Amino acid sequence: MGFETGKFVPGVEKDKRCLLCNLVLDNPIKTPCGHLFCSGCILPWVVQHKNCPLCYQTIQTCELENELYLRDFILNSTVRCEFRTQGCTKIVRLLDSELHGKHCEFRPVKCPNLGCDAVLRSRELETHKSTKCPFRDAFICSEGCGLPLLQELQETHDCVTALTSQIAIYENQLNNMEIGLNNMTIQFNKKENCFINQIASLHGELKLQAINFRKKMILCQRMTTDNNFMVSLLVGCC
Ligand SMILES: [Zn+2]
Ligand SMILES: [Zn+2]
Ligand SMILES: [Zn+2]
Ligand SMILES: [Zn+2]
Ligand SMILES: [Zn+2]
């Protein structure tokens with residue numbers, strides 16, 4: 001799969017997109033018929049189908065060529081930080097984007113304090129952890145439940161009640177995860193169908209072109225025979 005097109009600034013020309021996944025080419029590969037695909041998209045296809053997915057020309061994996069110049073061009077293109085929706089406005093080379101992402105001060109991080117589920121931007125973590133986090137002084141209950149316990153709740157704490165509400169929270173999280181998973185499966189199926197339809201319509205277009213070419217060929221053949229006939233008539237006259 002290629003790189004998401006929307007993150008490139010300024011945009012990327014259409015000829016730098018993979019003809020299979022329609023994303024910006026990742027490790028571009030050229031087929032002998034001149035079509036460009038990501039290596040991760042075309043290799044499994046050629047292994048399985050032994051042809052070009054666009055024009056159906058028969059090809060072998062050994063005929064595929066790395067487009068190194070194009071690969072370097074794309075790697076040096078500039079992209080927005082993957083945490084732009086979290087507020088990062090940095091624009092970096094695609095080549096450096098992974099490293100930037102690892103250190104970006106807008107990347108989401110989970111509070112490491114026991115019992116705290118807060119997820120914050122990396123640059124807010126220190127302040128949260130040491131001054132704002134309600135769990136900064138939490139300790140583990142030694143009465144049996146083993147849950148993180150806030151100092152001020154120590155006197156009213158009851159292990160069974162605490163465990164019951166903890167289980168309810170987990171069940172809720174589990175439900176949400178299942179819903180998310182179902183949605184993802186539905187979206188994935190939709191995408192797969194869309195992809196199959198795209199290929200089918202391309203296939204149809206090419207078939208139509210082939211029929212048109214065949215018609216033209218028959219017309220040309222007929223014209224040649226007519227010409228030959230005329231020539232033979234003319235020769236006969238002389
Ligand atoms: Zn691709
Ligand atoms: Zn082709
Ligand atoms: Zn960033
Ligand atoms: Zn916290
Ligand atoms: Zn307890």
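Nothing here was measured: the structure is a model prediction, and the numbers come from that model. Hydrogens, waters and symmetry mates are skipped; everything else that's a heavy atom, side chains included, is used. Throughout, numbering of the chain's residues begins at 1 and tracks the sequence. Just follow the structure's listing: the first ligand is 1, and inside any ligand the first atom is 1.
- Around the Zn ion (ligand 4), the angle linking Cys116 (SG) with His128 (NE2) is 110°, rounded to 10 degrees.
- At the Zn ion (ligand 4), the vertex angle linking SG of Cys133 with SG of Cys111 is 110° (nearest 10 degrees).
- Vertex the Zn ion (ligand 1), arms ending at SG of Cys21 and SG of Cys18: the angle is 100° after rounding to 10 degrees.
- One finds an angle of 110° at the Zn ion (ligand 3) between SG on Cys88 and SG on Cys81, to the nearest 10 degrees.
- Both Val24 and Leu36 belong to a single network of hydrophobic side chains, linked directly or stepwise wherever heavy atoms of I, L, V, M, F, W or Y lie under 4.5 Å apart.
- Comment: Lys7 does not engage Glu4 in a salt bridge, judged by the lack of any side-chain N to carboxylate O separation of less than 4.0 angstrom.
- Side-chain contact between Cys21 and Cys38 is present, with at least one heavy-atom pair separated by less than 4.5 Å.
- The shortest side-chain heavy-atom distance between Arg17 and Leu25 does not fall under the 4.5 Å cut-off.
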